[in-house]
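So you know, we letter chains A, B, ... as the sequences are listed, proteins then strands, and number each from 1. Quick caveat: nothing in here was measured; it's all calculated off a predicted structure.
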Amino acid sequence: MLRFIFRQLAFDPLRTALTSTALACVVAVILVLEGFNEGLVAQLGDAVRARQADLIVTQAGVSNMTAARSVLPQFTRRDVEAVAGVAAAHPLTGVPVIYAQGERRTPVFLFVYDDDGGPERVVAGNTVREQRDIVIDRSLAIKYDLAPGDPLVIADFEFRISGVTSGAAAFFTPFAFVRYDDLIDFYFESDVAADISTFPLLSFLLVEVASGADRAAVAEAIERDVPQGDVFFPERLAAEDEQLGRDLFGPVMKLLIGVGYGIGVLVTGVIMFAAVNARQHEFGVLKALGFSHRFLSASVMLEASALALFAIPVGILLAALIGSAIEVSMPLYRVLSTEPVPVARTAVACLVFALLGALVPVRLVRGLDPGQVFRS
Amino acid sequence: MWRWTLKSLLADPLALLVSIAAAASAFLLIMFFEAVYEGEAEQVVSYVLNADADIWVMQRGVGNMHMATSYLTDWKLDQVEELPGVAAVEGILYLNTVIKSGGRQWFAYIIGLDVPSAQGGPWAMAAGRAEPGPDEAVVPAVFAEMAELELGDPVRITDRDFTIVGFSQGTFSLANSVIFVTKTDLEDVMTSLDIVSYGLVKAEPGVNPAELAAAIEAAVDKVHALPADRFVINDRRMAVQMGVETVALMTLIGGALAVLLVAFTIYTLVARQRRELAVAKALGATNASLYLSAGLQATLVAISSVIVAAILATVGVPLAMALIPAVSLKLTIGAVARIAVVGVLVALIASVIPARQIARVDPLSAFQA
C-alpha cells in the first residue's frame, strides 16, 4: 500500500509539490497569525521583565505597566526604602508621547530612569550618558531612518540619540529611554511648567531586595507600610500586562485565527478533493484492474495523511521564516510562530483537515464506475 | 478558442466549483483582514469625528489625540473664548489608561467633562444618562455587554470606583474605548488642577476654521490650534500607521496563499484537460491561443472567486460583528475592488505554470493514448 501511495505521489511531482506547498502555506498562515498574537502578548510581559527588578511598586489600584497611567507621590521612594529588607528603590516614570516627522506620527512610550530600568541591550551607539541623550528602539530608528548622533524632537524638545536598543516595544509602541534630569527640562520647556505636578514624575519603583531578604516578606511589608502603592512580583505584573494584551487583542486575533482555521479546513478539503478528482481516470483504471474500494479508500486517506505530514514541518519552517523576515524588517512586531502549543494545535488541525478533506474524494472513488475508463 | 475555453471550464462543474471555492477561501481571508482594518480605522477616530468642534486647541507640539498627551492651563481657553469669531469653547481633560469592571480590564480613553457638556460628551446612548455626575461614569455599551455590566455597577479607574450611569453607543474600539466622567473626578484621578487637555472651539457662523485656528495660535501663547478636519486626518493617519503594517503583512501572507491556491486550482483544471489540449494542438491551435485560454480560465476562476468571497464576506462580516462585538468590521466596495484587481493579476501569474505545460504538450500524445 505504501509503495502504491509513494508511486501515486511521485507520478506527478509538480502536482504533489503544489498540493503539499498549498497545505504548508495554510499551516504557515495559521501559525503566523497565532505567532503574531503570541508575540503581541509576550512583548507586554517582556516590557516588565526587562526592567529587572525584584519587586515593582505601582500606584495603588494600578496593576499594569505599559498601558496604564501610574503616578506615585514623590515621597513614596523614601517610604519604600525605609522598609526592612529593601536595598534600594529605583524610580521609573512612563510618559506616552508622540514623535512626528513631517506628516508621519508614531506614539512612543518614554521610560525615564535613574540607575536601573533603562534599555536592556544597546545594539548601536551608547546608553544615556550626556544631557539630552535618548536611547530609542530599533523599530523607531528603522522607520524614520534615525541613527546615533541624530536629533530627536518630541513636543518641541530636542533630544540627541545616543544609542539604539532592540526588543523594546509593546502595544504597537516603541520605547525610548531618557534620564530624570532631561525629563525635568522636558517639562519645564513645555507649556505647563507652572504646574509640573500635572505630569507624572514618578510612575513605578523598581525595588532591589537586600541580599538574604525574603522577597515575599519584603513585598508584604511594603504593601503594609506604603498604602499609596501596590507591590508586585515582576512576573505577576508581567502576567497582568499579558492578560491585558489577551483581553485587548484577543477578540480580533481570535476572529482572524478563527477565519484562518475555517479557511484552512475549506482549503485543505478542496485541495484533497481536487487532488483526487483530477485522477478519477486513474482510479477507474485501478478499479477495473480489481483493486477493492477498501484499498483505494485507504490509499486516499493515507495519501492525505502523507501530504499533511509532509506539509506540517514545511509549514512550520515557512512560518518561522516569515516570522523572522517580519521581525527583521519591522522590529516593532514579534512573531512567535513556533510556540509549542499553537504548533501542536495547528499540526493536529492540519491532519484532521486533510483527513476530513479526503472523505469526499473517498466517496467519489467509491462511486466510480470502472466501465467509464474504457468508454472514454 | 473562447468558446472552447468556456466549454472546457464548464465540462466538469464540480471541479470548477472546487477551484472557485479554494481561491474564494483565500480571498475571503484577505477581505476579513481588510474589514478589520477599515472598521478599526474608522472607529479609532469616532470621538474626534463626533465631538462638536470646528477647531481643536492643544498643547504646542501635539497634533492629534490618539495615544497623545496634551496639557493646557485652563485660563488659555478663557483667552480663546474672548477672540472674535469664537462662538463657544469647552475644555476636556483626557487620560488613556486601563479600566477594570466586571472582572475584565480594558484600555480606554477617559474623557473628563465639564457638566453640563454641550460639545464633548457622548453623541448616542444605548441606555441611561449621557452626562455623568460626581463619581459616575458613562461606558460604551459594547464594553458593558462584554463584561456583563448593568447600570449601577462599578467601574474602576486606577484606584477609584465609579458608578455606571449610562451606556454610550459608537464609543467602543479595540484601540480607544471612550469613558466619560466629570472633569473634577478626572482631575482627582490625575492629581491635576486647572488643566485641560484639549479645547473644543465652535466658530461663529461664516468664520473660516483655518483662519480662526491661525488667529488662536497668534493670540494665545504656546498652543496649537487645528481645524477639526485636519485634526481628524492627523488622528486617522497615526492610527492607520499603527495598524497598516500589521494588515499589510497579513494581506501579503493571505495574498501569497491566494497565489498558490489559484496556481493549484488552475493547474488542476488544466491538468485534467491535457489530452483535449493535445487534440487542440494537433488540430492546429497555436501556443499563443493556448496561453490565452489558460489566462482566460484563470481570470474567470479568479473573478468568480472574488464574487463568491465578497458574497460570503457580506454575510460573514455582520455575523462576526454580532458574535464578537468587540471587533469593528467594515467591508468597503473599494477594498473588494482592490482585491478583485489583485486577484485577477494573481490568477494571470498563476496561470503561467499550466500554460507553460500546455505549450510543451506533444500533439501526438492525443493519439498515443
Side-chain angles (χ1 to χ4, degrees), chain A residues 14-15 18-19 21-22 25-26 29 32-33 59-62 64 67-69 71 95-98 100 103-107 154-156 172-173 190-192 194-195 197-199 243-244 247-249 251-252 254-256 259-260 263 266-267 270-271 273-275 277-278 322 326 330 332-333, chain B residues 14-15 18-19 21-22 25-26 28-29 32-33 36 59-64 67-69 71-73 95-98 104-107 156 158-160 174 191-195 222 234 237-238 241-242 245-246 249-250 253-254 256-257 260-261 263-265 267-268 271-272 320 324 326-327:
Chain A
L14 184 60
R15 185 180 59 205
L18 268 174
T19 309
T21 309
C25 284
V26 172
V29 165
V32 169
L33 286 173
Q59 179 187 344
V62 174
N64 301 94
R69 177 187 158 105
V71 181
V95 186
V97 294
I98 302 287
E103 288 294 301
R104 294 196 298 168
R105 293 166 188 275
T106 298
I154 296 173
D156 281 356
F172 303 110
T173 307
S190 67
D191 188 31
V192 284
D195 184 11
S197 66
T198 298
F199 293 108
Q243 187 53 46
L244 175 69
D247 286 347
L248 273 181
F249 309 130
V252 70
K254 272 181 196 161
L255 172 69
L256 293 180
V259 170
I263 285 167
L266 265 171
V267 166
V270 160
I271 287 169
F273 172 80
N277 188 43
I322 294 169
I326 292 169
M330 284 178 271
L332 186 60
Y333 305 103
Chain B
L14 191 60
V18 162
S19 305
S25 302
L28 185 62
L29 187 68
F32 259 93
F33 290 149
V36 168
Q59 181 185 325
R60 192 183 62 182
V62 177
N64 73 304
M67 304 290 279
T69 305
Y71 297 118
L72 294 170
T73 40
L95 165 73
N96 48 45
T97 193
V98 177
R104 297 196 66 139
Q105 51 182 351
W106 205 259
F107 182 67
R156 174 162 274 236
T158 63
D159 59 343
R160 279 195 59 175
L174 288 172
T191 58
S192 312
L193 206 59
D194 304 329
I195 295 290
K222 292 183 178 176
N234 280 357
R237 185 171 286 149
M238 209 192 65
Q241 271 184 38
M242 285 178 78
E245 286 170 347
T246 318
L249 274 175
M250 299 296 174
I253 294 164
L257 181 66
L260 259 161
L261 287 174
F264 175 80
T265 50
Y267 171 80
T268 311
R272 284 176 56 79
I324 313 171
V327 184

Sort Val29(A) into side chain, backbone, both or neither according to what part of it lies under 4.5 angstrom from a heavy atom of chain B. both
Under the side-chain hydrogen bond (donor to acceptor under 3.5 Å, both in side chains) rule, collect the residues that match up with Asp247(A), sequence neighbours excluded. Gln243(A)
Nearest heavy atoms of Ala68(A) and Thr97(B), plus distance in Å: CA-OG1, 3.5 Å
Looking only at heavy atoms, what is the nearest atom pair of Phe32(B) and Leu255(A), with distance? CE2-CD1, 4.3 Å
Val62(A), Val26(A), Ile326(A): which one forms the most heavy-atom pairs within less than 4.5 Å of chain B? Ile326(A)
Heavy-atom cut-off 4.5 Å, strictly under: side chain, backbone, both or neither for Leu95(B) against chain A? side chain
Most contacts with chain B, counted as non-hydrogen pairs under 4.5 angstrom, among Val32(A), Leu33(A), Ile322(A): Leu33(A)
Determine whether Arg105(A) and Asn234(B) satisfy the following criterion, side chain to side chain contact (heavy atoms under 4.5 Å, CB included), listing intermediate values before the conclusion. CA-CA 8 Å; Arg105(A) 293 166 188 275; Asn234(B) 280 357; 3.6 Å; yes
Search all heavy atoms of Pro251(A) against all heavy atoms of Ile324(B) and return the closest pair with its distance. CB-CG2, 3.7 Å
Picking from Thr106(A), Ile154(A), Asn64(A), which has the most non-hydrogen pairs under 4.5 angstrom with chain B? Asn64(A)
Heavy-atom pair of closest approach, residues Gln59(A) and Asp159(B): NE2-OD1, 3.8 Å
Testing the basics here: between Pro107(A) and Met238(B), what is the closest heavy-atom pair and its distance to 0.1 Å? CD-SD, 3.8 Å
Can you name the side chain to side chain contact (heavy atoms under 4.5 Å, CB included) partners of Thr21(A), sequence neighbours left out? Cys25(A), Leu260(B)
If you take all heavy atoms of Met67(B) and Ile98(A), which pair is closest and at what distance? O-CD1, 3.6 Å
Side chain, backbone, both or neither: which part of Leu244(A) has a non-hydrogen atom closer than 4.5 Å to chain B? both
